[in-house]
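One structure below.
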Amino acid sequence: MTVRVRIAPSPTGNLHIGTARTAVFNWLFARHHGGQFILRVEDTDTERSRPEFTDNITAGLEWLGLTWDEGPFFQSQRLDLYRQAIQTLLDHGLAYRAYDTSAELEAMRTAQKAKKQAPRYDNRHRHLTDDQQRAFEAEGRQAVIRFKIADDRTVQWHDLVRGAMTWQGSDLGGDMVIARASSVDSIGQPLYNLAVVVDDQDMDITHVIRGEDHIANTAKQILLYEALGGTVPQFAHTPLILNPSGQKLSKRDGVTSISDFQKMGFTAPALANYMTLLGWSPPDSEELFTLEAAAPQFSFDRVNKAGAKFDWDKLDWLNSQYLHDRPASELVEMLVPYWQAAGYDFDLEVDRDWLTVLAGLLGPSLTRLSDAVEQGRFFFAEVMDYSEAATKQLRQDGVAELLTATLGQLQAGASLESLEAVKALVSDVVKAQGIKKGLMMKSMRAALMGDMQGPDLTESWLILHQRQFDLPRLKKAVELAQS
RNA sequence: GGUGCUGUAGGCAAAUUGGUAAAGCCGUCGAUCUUUCAAGUCGAUGUUUGUGGGUUCAACUCCCAUCAGCACUGCCA
């Protein structure tokens, strides 16, 4: 039997990192076993589901490289299937209509809480007589459909991550609602637990891999599988991703959606790599890998049981590792959108080579792609402001002369076609002025960059020279040095 | 309140069936390289596996108790 797994996001928000990590594990497991990875959009909640979220989710999965083999399927298009299943349960006496109003249910729960009892449906409508039913209908009440859960039933399964799991029927909250309220001659909107089981069965899902917040649902779903006469898949409940205080990472924790990470300048391979490391550890302890490389090694034996706190430092480090490895030609493609968004002045067509060199210069010092905005800022404008430290440097003894001499060479048409030429010019000035190279370099850094730190000076100078920004900057620096 | 799950250094984690705990990574600190920053390289730092018992020659691994955290407890998914 081939492995078939699925990711079943609900389009009630953008692709969340928790969902994405679950998708990663599913994808890895499918790839490892040469199985299929299916995308199913769980949009049975028509109130909260939105098409733009579906778009965000599919785009995010694609961006991460989590390509699916089948789908996307939409639950909203499969309602007949669910209604048939519900009808079957009704016909077999495994489900029934309950006429409780929300006020009645609320009153029941508050009473239970007051008595320090666990809130649960007390199955009060499980054995309604025909007369009672007609009476409720006469009142104009609608009915939900509840699936019977026997209190004395014990549900057990072997979880691929957690091992033996046991759940008592009485702890499942009473007979569960599987269809929303509707008039008695119809079946209302099917609910999550029912739809999931029908779909997983219909799609021949062999392994259900999801977050551990679904453990209680699993017990309920197993009962539904049995009632519907299908084989029960295997389950793997993965640990949750936690915030710094140890709670399930949620929207309240700030950045949690994949598209946000993307905007912030994280690369897909680094993010995917990091998500894989959250809860799983590779057998060879090599922590830098692609999803493709991880797949052959992936198994639930090495998935941790405890939740994992999200760590920005490590994500940053992973991202920087990917960035430092990228060739300039590849890097420039990733950086250009950020420079464009920042409104920097360049023409992609004519400046491509120049931009590529710049990307190569900045690459090794980038942590996030967005860092290229700040780090690249002064390459895109003819002149810039001078920092305090730079100004101080420019006003040191001998600096005005040194800059004037350099300026003179440039104006005399000194050619700066290569790094060697720049270096030659530097040593010429150093020799002629009888100064230390350090003073020359620091002063030129101050003059050209307006700051005392930044990327390699020689390379930066060459890049600036290609845009003819070095001359005006030098002029301005001389003025500053003499003031 | 109930049920379930989890508990190894600041974070992620490793440790085949009990057999020298903390490998590896991030972080932090330092050194080094360099015109600077970052990167890189090298080195240092963390201390007994939530706690208390028990079984055993031997326990992170097994048993009991206890504490804490988290998750779930919807006509959301």
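Throughout, protein chains are lettered first and strands after them, A, B, ... in sequence-line order, and every chain is numbered starting at 1. Side chains included, hydrogens not; waters and symmetry mates left out as well; all remaining heavy atoms used.
- We find that CG of A/Asp171 is positioned 11 Å from P of B/C5, with the value rounded to whole Å.
- Residues passing the side-chain hydrogen bond (donor to acceptor under 3.5 Å, both in side chains) test with A/Glu139, sequence neighbours excluded: A/Arg141.
- Nearest to the side chain of A/Asp311, among B/G11, B/C12, B/A14, sits B/G11.
- Within residues 388-405 of chain A, no residue has a heavy atom under 4.0 Å from RNA chain B.
- In terms of position along RNA chain B, the nucleotide closest to A/Val303 lies nearer the 5' end than the nucleotide closest to the other residue of the pair A/Val303 and A/Gly438.
- Heavy atoms of A/Leu277 sit under 4.0 angstrom from primed sugar atoms or phosphate atoms, though from no base atom.
- Using a cut-off of 4.0 Å between Lys/Arg side-chain N and Asp/Glu carboxylate O, A/Arg377 and A/Asp451 are scored as not salt-bridged.
- At a threshold of 4.0 angstrom between heavy atoms, the contacts of A/Asp456 include nucleobase atoms, whether or not backbone atoms are also involved.
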Restricting both atoms to N or O, compile the protein contacts to nucleotides 29-32 of chain B shorter than 3.5 Å, with distance only.
none

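- Between the C1' atom of B/C37 and the CZ atom of A/Phe378 lies a distance of 12 Å, rounded to the nearest Å.
- In this structure, A/Glu104 does not pair ionically with A/Arg124, as no charged nitrogen and carboxylate oxygen lie closer than 4.0 Å.
- Across all strands shown, the partner of B/G40 is B/U32, judged by Watson-Crick or G-U wobble contacts whose two distances both fall under 3.5 Å.
- A/Thr154 and A/Gln168 share a side-chain donor-acceptor pair at under 3.5 Å.
- For the pair A/Tyr121 OH and B/G2 C1', the interatomic distance rounds to 20 Å; values are reported in whole Å.
- Going from atom CD of A/Glu459 over to atom C1' of B/A38 covers 14 Å, rounded to whole Å.
- For the side-chain contact (heavy atoms from CB on, under 4.5 Å) with A/Phe147, the qualifying choice from A/Leu90, A/Leu224, A/Asp175 is A/Leu224, the only one to do so.
- Here A/Tyr192 and A/His214 bring their ring centres to under 6.0 angstrom of each other.
- A/Thr367 and A/Asp316 are not linked by any side-chain donor-acceptor pair at a separation below 3.5 angstrom, with hydrogens and angles left out of the test.
- Look at A/Asp202 and A/Arg78 and you find a salt bridge, because one of the NZ, NE, NH1 or NH2 atoms lies within 4.0 Å of a carboxylate O, short of that distance.
- Of the candidate nucleotides B/A39, B/U36, B/U6, B/U6 has the atom lying nearest to any side-chain atom of A/Arg162.
- Taking atom C1' on both B/U8 and B/G24, the two are 15 Å apart, rounded to the nearest angstrom.
- Figure legend. B/A9 is base-paired to no nucleotide; pairs are counted as Watson-Crick or G-U wobble with both atom distances under 3.5 Å.
- Comparing B/U73 with B/G10, their P atoms are spaced 33 Å from each other, to the whole Å.
- Here the side chain of A/Ala306 is nearest to one of B/C12, B/G7, B/G1, namely B/G7.
- Rounded to the nearest Å, the gap between the C1' atom of B/A39 and that of B/A23 is 26 Å.
- Annotation: side chain of A/His125 is not in contact with side chain of A/Arg146 (no heavy-atom distance under 4.5 Å).
- Checked against a 6.0 Å centroid threshold, the rings of A/Phe310 and A/Phe261 count as neighbours.
- Comparing the C1' positions of B/G7 and B/A13 gives a spacing of 14 Å, expressed to the nearest Å.
- Side-chain contact check for A/Gln221 and A/Asn193: at least one donor-acceptor pair (N or O, by modelled atom type) lies under 3.5 Å.
- In this structure, A/Gly279 reaches the sugar-phosphate backbone alone: every heavy-atom distance under 4.0 Å involves primed, P, OP1 or OP2 atoms, never a base.
- Annotation: B/C67 and B/C57 have their C1' atoms spaced 31 Å apart (nearest Å).
- When only modelled atom types and interatomic distance are considered, A/Thr218 and A/Arg210 share a side-chain donor-acceptor pair under 3.5 Å.
- Ring orientation note: the planes of A/Trp280 and A/Phe289 are nearly perpendicular, at an angle over 60° on the 30°/60° scale.
- Distance, A/Met440 CE to B/U34 C1': 17 Å, rounded to whole Å.
- Checking A/Tyr225 against A/Gln201 by side-chain atom types alone, no donor-acceptor pair falls below 3.5 Å.
- Here, B/U41 and B/U47 have their P atoms 27 Å apart, quoted to the whole Å.
- Across all strands shown, B/U66 forms a Watson-Crick or G-U wobble pair, both distances under 3.5 Å, with B/G50.
- Atom CZ in A/Phe310 sits about 13 Å away from atom C1' in B/C26, given to the nearest Å.
- A donor-acceptor contact closer than 3.5 angstrom links the side chains of A/Gln393 and A/Ser443.
- Residue A/Gln375 places no side-chain N or O under 4.0 Å from the OP1 or OP2 atom of B/A39.
- Base pairing annotation: B/A71 forms a Watson-Crick or G-U wobble pair with B/U3, both donor-acceptor distances under 3.5 Å.
- Nucleotides of RNA chain B nearest to A/Gly454 and A/Val161 differ in position, and the one nearer the 5' end is that of A/Val161.
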Using a 4.0 Å heavy-atom cut-off, write out nucleotides 66-77 of chain B from 5' to 3' as B (base contacted by protein), S (sugar-phosphate only) or - (no contact). ----SSSSSBBB

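- Look at CD on A/Gln321: it is 20 Å from P on B/C12, rounded to the nearest Å.
- Across every strand in view, B/U56 sits unpaired, with no contact that passes the Watson-Crick or G-U test at under 3.5 angstrom.
- Partners of A/Tyr386 by ring pair (Phe, Tyr, Trp, His ring centres under 6.0 Å), not counting sequence neighbours: none found.
- For B/C29 and B/C72, the C1' atoms lie 43 Å apart once the distance is rounded to whole Å.
- Note on ring orientation: taking the six-membered ring where Trp is involved, the planes of A/Phe235 and A/His237 are parallel (angle under 30°, cut-offs 30° and 60°).
- Taking atom P on both B/C64 and B/G1, the two are 25 Å apart, rounded to the nearest angstrom.
- In this structure, CG of A/Leu362 is placed 15 Å from P of B/A39, rounded to the nearest angstrom.
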I'd like to compare against my own output: the B/S/- annotation of nucleotides 15-25 of chain B with a strict under-4.0 Å heavy-atom distance to protein. S-------BBB

